[in-house]
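Below, chains carry the letters A, B, ... as their sequence lines are ordered, and counting in each starts from 1.
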Amino acid sequence: MSTPQLDKTYDPKAVEARWYATWIERGYFHASTTHPGQPYCIVIPPPNVTGSLHVGHALNHSLQDILIRWRRMQGRNTLWLPGTDHAGIATQNVVEKQLMAEGTSRESLGRERFIERVWQWKATSGDTIVNQQKQLGESCDWERLRFTMDEGLSKAVLEVFVRLYEDGLIYRGERLINWCPRCLTALSDIEVEHEDIKGKLYSIEYPLEEDPTIKLTVATTRPETMLGDTAVAVHPEDDRFKHLIGKRVRLPLTNRAIPIVGDAILVDREFGTGVVKITPAHDFNDFEAGERHRLPRLAIFDHQALLDSDKLVDASVDHAVIEALRGLPVTKARPKVETLLRDLGALVKIEDHKMAIGKCYRCKTVVEPYLSPQWFVKIQALADPAIKAVEDGRIRIIPEGWTNNYLGWMREIKDWCISRQIWWGHQIPAWYCETCNSTLIHKQVTTSTDGLPVVRLTLLQGAKPIVARSAPTCCSNCGSQNFLRDPDVLDTWFSSGLWPFSTLGWPEQTPELKRYYPTSVLVTGLDILFFWVARMIMLGLKFMGDVPFRDVYIHALVRDAEGQKMSKSKGNVIDPLHVMEQFGTDALRFTLASMASPGRDIKLAEERIEGYRNFANKIWNAARFGLMYLDGPKAAHPPPARSFPDRWILSRLNHTIQTITSELEAYRFDRAASVLYHFIWHEYCDWYLELIKPALQDAAHPDGPGARQTLVETLETTMRLLHPFMPFLTEEIWQTIPHQGDSIVIQSYPAPNETWRAPEAEELFTLLEQTVGLVRTGRVLLNYSPGQPISFYMSHDDPSRNSRLHQLQRNLAHLSRGTADLAPRTDWPTVNLLRLVTEGLSVGLVVSGDVDLKKALDRIVKQQEEQLKEMGRLKGKLGNQEFVAKAPPDVILDHQTRLRSLEHDQTMLASSEQQLRAMLGTP
RNA sequence: GGGCGGAUAGCUCAGUUGGAAGAGCGCUGCCCUUACAAGGCAGAGGUCACAGGUUCGAUCCCUGUUCCGCCUACCA
């Protein structure tokens, strides 16, 4: 048998692509509904189809792949279902930017041709992220790749919309919604990001109609909206103002008088002036107050957030004022109105005031509350079961701290605005009879760049929609056959909310749906808990009658090393592709796993990844080492006896397997990773491989066969244990060492093996480690050069010199063979002794006759530790040179005494050592 | 405004029935010892944010304070 050759360093590039292709070719990731194992299914949070893999994806996907690979090895029927999201506004914005660069726009292209253009872009760039996911080693079932605008998923969207409508859970209504004046679309509440800014609080005087000398002072942060005021409010129990309720004030700059109403909800007597203006068309609170008092809604801004002169006329604004304000955006309208009010003498005060503004989560434009007809999902009936499912534990949120977050949000949830005035997405399945709604339909026809007509459709509030699975042919009311389809599309999150069942074939009752729903766990970042997770729970319960997943595992956000959000403009983005190229995919995956502690953001620095690249290389070289000794005779039958190091490493391995398994069950990827790291590097490499070297390197050593067998057995097991974290490296090594089966991907995951437990070996190891540690420390502190043999006297206990050699042998034999074997072994060298001798050391351990060995060792170890620690501290402070010279007298004394005693013993032990060496057959 | 999380070595973070402070990286010293210099060995470095309380004993439990982060929100 020839020893396979491995390079001195691990080269990930050569390995990764090769194995991934093989895995795919052999269909290891393809799930079969007939596989007998208990199902384990994860649906991937679908990335934007036109996006590329960033480090957040890398984290999210690495964790899922660890779970999937682990469960697959455990024999579960695993399905990891991949897919991409059409990401309405985001994708539309990307394509619109391209068009802008080409000097055109979506308007001039027209709806159909624009959508075609987006599909083209999807066709050319849609594979990018999928290919990058493959580079990361993701073991997804690519044959089941889904896209939110696939035929099947679109059918699910249609079905859900129609059913919700039929159940009265979807309605169309004119409401004040968040409006992005740049994207020209409605946004749901959670699509608005809030930001604190320094604003101003303006106090404006509104004269009383019946007696203009009496003035009410209102406080507002948005004076420009005052032109749309339709009332002012005071607290109904405010003695200052309550007698004025029912009277009217004149609205400055306009020709209107507006009522004074009493409203305990809107008005806080303590704040500002105690008088609030009500602008129902431009403020959410005021909208609600307007509902309560049946106030008219006067919109003065248009859909681009510009002051609309027609509307200003409707609002009876003074002519001159309209001239001054016509077409101004909010930002310019505010100072202008401020000037006008000041000229009028109505502006009494401006104070600094911190306030929050909302921005579009896609383009960061300041959003405006805007009055328009939109589609909504009536949410309460859906939210209640979704609250209950989490409360009663059918869905577990991990870490559980987020549970309250979820419940709190769900209990306060408001109707979900699902219509978007964009083109890319699922168009709402609602049609309007042109005849019946003729006065409510506004068509604006323009011409595209190439001469085609472009229709801009506005459907006013009150238009009667016909919601259906397909376009109606005949109006049941008037018999007309002319219909217009609602131009709006659905919120992106509407389709992704169906993801756990739409991807499995719903509304068809597919075998996949039966087998894999509910899915096992959803792995996601906190940022889309409300956007996505909450919607999936609500819609899953509604349409499947069961939760969409058992666990929700929420991981941290990835930030840069300084804890800042990664962004292109800051230049602090870590590109996972670049990292994989530089350090290898396994290193990146392991880094992300090891940093995935719950409840903390991940601050990622390249040095960390480099550290784990080194870890990969360490493993690689451990395997190389193993391979050097595997060409000996095959494992004997019956298996050879295990020596102390063999028993010890197996015991540690067993412990490691137990820990990894329970940590993974608890989604503690970080602890699992750290346990693996520690076991492999510091137990397996640093100690075990060193301890068995003597047995391996001497062909006639009696421990040789046992060591060889244990070596390969532990290596093979460790590779399986590590595989979910580092799939490529482990496959490459596993294929090189003796194994059974075609690929590590489909091997069983190591299970704890109670027969490997060896507490006595672990105890002895601790003693050995301490003893050896003391010897090493002593040698460094005493400035012994590496090759120089030393003897290290460890105790003043007794000392019958004659018995020393005997004791030494005895103790070391004890260390190497376990408590059962206390008889001196003179036939073969013990591993520990050889190891120490190899280092040029010999160790004297003196124990008086009947004393308990372990206790004695323990005491010696403690004594030495303390003294050495003290010496070490001194040395650290003073430096090597000055150590002896400047040490306090008692320490010097101690040091010198020690040296004398060392010299004395050295003579004695040197001869012992010679005898030993002779006995051991080592020169 | 409300809620949640965090504060432990120079840096990043572990640390669950309260019981003698841990890891990785970095740093210092010595080593190219036939798996690995992407390595080995050793070492330095901590009032566990601050102030109280409970306890024989607190990094851990309780109260308050300060600072940071996140989520959420209509104080005009």
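Here the P atom of nucleotide rC71(B) and the CD atom of E193(A) are 8 Å apart, to the nearest Å. Going from atom CZ of R334(A) over to atom P of rA76(B) covers 12 Å, rounded to whole Å. If you take CG of N285(A) and P of rC74(B), they are 7 Å apart, rounded to a whole angstrom.
Residue Y677(A) is classed as a sugar-phosphate contact, given heavy-atom separations below 4.0 Å to backbone atoms only. If you check every strand for non-hydrogen atoms under 4.0 Å, T221(A) touches sugar and phosphate atoms only. Heavy atoms of N405(A) sit under 4.0 angstrom from primed sugar atoms or phosphate atoms, though from no base atom. Contact annotation for F287(A): no contact, since no heavy-atom pair falls under 4.0 Å across all strands. Across all strands shown, H682(A) has heavy atoms under 4.0 Å from sugar-phosphate atoms exclusively, and none from any base. Among the atoms of the strands shown, none is found under 4.0 Å from any heavy atom of G358(A). Among the heavy atoms of the strands lying under 4.0 Å from K693(A) is at least one base atom, whether or not backbone atoms are also near. At the heavy-atom level, H678(A) lies nowhere under 4.0 Å from the strands shown. At the heavy-atom level, R668(A) lies under 4.0 Å from the strands shown only through sugar-phosphate atoms.
A donor and an acceptor atom never sit less than 3.5 Å apart when one is taken from the side chain of K8(A) and the other from the base of rC36(B). If you check distances only, the side chain of R671(A) never reaches the base of rA14(B) with a donor-acceptor pair under 3.5 Å.
Nearer to the 5' terminus of RNA chain B, by closest-nucleotide assignment, is the contact made by S674(A) (compared with the other of S674(A) and Y10(A)).
rG39(B) is paired with rC31(B) under the criterion used here, namely a Watson-Crick or G-U wobble arrangement in which both key atom distances are under 3.5 Å.
Of the listed nucleotides (rC13(B), rC25(B), rA76(B)), rC25(B) has the atom at the smallest distance from the side chain of E607(A).
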